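Keep in mind that what you see is a predicted model, and the values were worked out from it rather than measured. Naming: A, B, ... by sequence-line order, numbering from 1 per chain.
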Amino acid sequence: MNLLEGLNEAQSDAVQTISGPVLILAGAGSGKTKTLTHRVAYLIANESIKPSEILAVTFTNKAAKEMRDRLGVLLGQNAHNRNFMPWMGTFHGICVRMLRIDGKAIGISSNFVIYDEDDRQGLVKQAMKQLSISDSEIKAKSASSVISSSKNEMVGPDEYEAVAQFPYQKNIAKIYKKYELLRKAAGALDFDDLLLEVVRLLKDNKEVRMKWQKQFKHILIDEYQDTNAAQYNIIKLLVNDKQNICVVGDDWQSIYSWRGADFTNILNFERDFKGAKVIKLEQNYRSTGNILDAASNVIAKNTQRTDKKLWTLAGAGSPVQVHELFDESEEANLVASRISSHVSIGARKFGDFAVLYRTNAQSYTLERAFIQLRIPYQIIGGVRFYDRKEIKDIIAYLRLVYQPQDRMSFSRIANVPVRGIGSTSLEKFFLWQSGSGLDIISALANLDQTNIITARAKQSMSDLGKKLKIVQSMLETASPKELIEKLLSLTGYLEYIADGTPQAEDREANIGSLLSDAQNFASLPDFLEEVALMSSADTSSDDQKVTLMTLHAAKGLEFPVVFIVGVEEGILPHARVYEAGLSELEEERRLAYVGMTRAREELHLTYVQSRMQFGQRAYNQVSRFIGDMGNQIIASAPTMKITKQEEEFFSDEPFSVGEFVRSASFGSGEVVEVDGLALTIKFDDGRTKKLNAEYARLEKI
DNA sequence: TCATTTAACGTTTTT
DNA sequence: CGTTAAATGA
């Protein structure tokens, strides 16, 4: 296969320039992923570089997976055969692998667990409790985010303390220190540590650094505009004297500065890597002319940006459509009914549509409208699968068995299912355990050494300890799936969640999918790593469903038809940036640009006269970005204010009390209670069931 | 110790 | 508005 076939001149240049630093400035829809994938394939097939000598860093796991799949096709190899695959993944994923191999050089045991946002916040709370700093003084959430951003800027607890001035900051410094102590004692690393510790590893150990520099003969970084200080340092430390580094990015699409990303990294690339070759990809293969022009006009208002001129061979296409509506439910109905009619005349399939919004909260109204019109949809983002309670419980059990120092996980499951171990008993247990020198599971087996815990709690604890011990003894031999199954049966977890509510079915189903997920992993650490680093945006998409997601989650994706809802002052741009300053406003503009450039053929923007926000009706003005778009847009007149009767027709609930329905499995019956999607139905055979309106396939009669 | 009620609280985006 | 944390009673 000719790996240069189908590439334009600039793309082909980017693929073939294999030695020395390369900066690819890739506009939206310019074939960035294609170029990157071909470059990797070219290195392997034409330059005889071993896959293991290539490091390719992507922004999400999904992007890594996609690249793997494409690479498999290009090279004629099975994408699942990792032997033919370079080191590929997110910064976090790559760092985990490096730390598992070499972490011991800086005192990190290979069985560390990874703490996510929630875990970190929980641990911050514990730290605050021990320091007797109340939550009203400092919110655990804000302390946690200060710690995170400090870490992203590579500011350790001591450095933070040194610059802390106000009492507030001094208290945070205390919390930061305590947090680090507790975290280390638990044998855990948080998200930010993964990066930070790799920097430390490579900085402090010349041998290790040389080893990795020698290993990675070619380094490729995607979405370079979204790298933060720690990631930047990792790159600098990994690049060897041959300087074969290729970065791809677009400063116009930098939307993560609030997470520490610094797009000056991409602007400074030529300074950091002397003699870099700069290649611009400016031909857009995605959108029609009108969409591209409107988006370019929006971004043109930004002052902090590079100059690029995107162009397309595609025709002008249909103009961008702007719709003004009465309120948010009408907005949702417009989106839903447009989609519905386009699909019913056979012009599109559901998977052709994406609805984008600024904040997750906006998805509620849309969901309701979609349920009413029976439109299949999927939400990307929102609550991650692995963030659901029942899943987190099981994961906590697994983590504890794997790393028996992990207090966070133990506190989570100590009384789940309920076994009479309350917060006081738990506190007493920790008090004794920390002095005993035993890990948690061993301590549970040696409770007779203490008498500060009541006999009843002691009994439950040692029972739990025995069960954990059993699973722990299976660690070496059993697969992740078998471990979960054992835990479920020992703890009676499934019985615990089966409480007869409609949600119980969902929970059960979730545990089912957890089991089938687990099946794909040979070892527990691999599985736990996947669970910790899998993001909500990584959910694979279903082309039979409309996709709903935030503008952030849409980065890197494309759809034939895109709706952006809530294009209003206060939402896009978000109200929060008004007081923040120009650079934040410019980031909102980039966010709008990212959203608009997801559209291939049709782009709709909506705004409303009034919207419920914070439980109150707000009257937002149309977003300034719409005014910036120029004349590529057509506006539709505001629809008539809906009448009372119609409002009732579009009631929030798909079903209401007193209606008669027929279910495939239970026959016909009467709706006696409606609680959101949870319906209580009295069936004709006398049984009363709680069902989920979304899944139960009910038919009105 | 646990379950139910009540109050407060907060919404930007996420690896 | 909807969710989660504290407060209360059993």
Side-chain angles (χ1 to χ4, degrees), chain A residues 57-64 89-96 114-118 120-121 125 134-136 139-142 145 148-149 151-152 190-195 223 226-228 230-231 254-261 328 356-365 368 380-384 386-387 389 414-427 454 456-457 460 499 529 532-538 549-555 566 570-578 580 584 587-588 590-592 594-595 611-618 652 675-676:
Chain A
V57 183
T58 57
F59 193 67
T60 61
N61 293 298
K62 193 178 171 186
T90 61
F91 270 106
H92 297 264
I94 301 283
C95 287
V96 170
I114 303 167
Y115 274 9
D116 67 14
E117 196 72 35
D118 283 353
R120 181 208 280 135
Q121 229 178 88
K125 266 189 190 149
S134 81
D135 199 67
S136 53
K139 293 268 169 293
K141 201 173 178 183
S142 52
S145 87
S148 172
S149 45
K151 286 188 174 184
N152 278 323
D190 65 28
F191 275 157
D192 309 311
D193 291 324
L194 297 175
L195 306 175
E223 308 283 10
D226 283 322
T227 48
N228 64 24
Q231 292 164 340
S254 164
I255 54 175
Y256 283 100
S257 72
W258 50 272
R259 206 170 77 192
E328 73 276 10
L356 312 181
Y357 35 81
R358 177 66 239 264
T359 66
N360 278 309
Q362 289 170 263
S363 70
Y364 279 107
T365 334
R368 282 204 290 253
I380 310 276
V383 187
R384 290 190 326 166
Y386 290 121
D387 280 343
K389 276 196 199 73
N415 204 27
V416 176
V418 181
R419 51 172 77 88
I421 304 174
S423 54
T424 33
S425 300
L426 193 62
E427 225 164 280
T454 63
R456 227 183 68 180
S460 318
D499 57 359
E529 176 192 327
L533 298 181
M534 173 67 78
S535 81
S536 50
D538 289 333
M549 64 189 147
T550 63
L551 288 160
H552 282 88
K555 193 168 85 160
I571 295 183
L572 182 67
H574 195 271
R576 214 163 150 131
V577 309
Y578 292 149
E584 280 77 7
E587 180 147 317
E588 296 290 307
R590 292 194 291 270
L591 194 52
V594 167
R611 157 186 318 273
M612 286 300 271
Q613 273 176 300
F614 260 99
Q616 275 186 325
R617 196 146 280 288
D652 283 356
D675 179 18

Between CE of A:Met612 and P of C:dC1 the distance, given in whole Å, is 5 Å

Which part of the nucleic acid, if any, lies within reach of A:Val577 when heavy atoms closer than 4.0 Å are counted: base, sugar-phosphate only, or nothing? nothing

query = What nucleic acid atoms does A:Asp116 come within less than 4.0 Å of, heavy atoms only: base, sugar-phosphate, or nothing?
reply = nothing

**OP:** Under 4.0 Å between any heavy atoms, over every strand shown, what does A:Glu117 touch: base, sugar-phosphate, or nothing? Just pick one.
**Re:** base

- Query: Is any side-chain nitrogen or oxygen of A:Ser423 closer than 4.0 Å to OP1 or OP2 of B:dT1?
  - Reply: no

Legend entry - A:Asn360 vs B:dT13: side-chain N/O to OP1/OP2 distance below 4.0 Å: yes

A:Gln613 CD to C:dT3 P, in whole Å, measures 18 Å

**Report entry** A:Asn228 vs B:dT15: side-chain N/O to OP1/OP2 distance below 4.0 Å
**Finding:** no

(message) Under 3.5 Å, is there a donor on one side chain and an acceptor on the other for A:Gln362 and A:Thr359?
(response) yes

(message) Within the 4.0 Å heavy-atom criterion, would you say A:Lys139 contacts the bases, only the backbone, or no part of the nucleic acid?
(response) sugar-phosphate

From CD1 of A:Ile255 across to C1' of B:dT14 the rounded distance in Å is 10 Å

Quiz item: Quick one: is A:Lys141 getting a side-chain N or O under 4.0 Å of the B:dG10 phosphate, OP1 or OP2?
Solution: no

Separation of B:dT14 atom P from A:Asp192 atom CG, nearest Å, is 16 Å

A:Phe91 near the nucleic acid: base, sugar-phosphate alone, or nothing, with a heavy-atom cut-off under 4.0 Å?
nothing

Atom CG of A:Leu194 and atom P of B:dT15 are separated, to the nearest Å, by 14 Å

Distance-only donor-acceptor check, side chains A:Ser257 and A:Glu587, under 3.5 Å: yes

Requested in this report: Mind checking A:His574 for me? I need base, sugar-phosphate or nothing, with any heavy atom below 4.0 Å counting as a touch.
Outcome: sugar-phosphate

Between CD1 of A:Ile380 and C1' of B:dT13 the distance, given in whole Å, is 16 Å

Whole-Å distance, A:Gln231 CD to B:dT14 C1', equals 12 Å

Checklist line | Main-chain N/O of A:Arg419 paired with A:Ser460 side-chain donor or acceptor, under 3.5 Å | finding: yes

Does the ring of A:Phe191 meet both stacking tests against the six-membered base ring of B:dT15: centre distance under 5.5 Å and plane angle under 30°? no

Short side-chain N/O contact to B:dT1 OP1/OP2 from A:Ser425, under 4.0 Å:
yes

Any donor and acceptor pair, going by atom type alone, linking the side chain of A:Asp193 with main-chain N or O of A:Asp190 inside 3.5 Å? yes

Main-chain N/O of A:Gly420 paired with A:Asn415 side-chain donor or acceptor, under 3.5 Å
yes

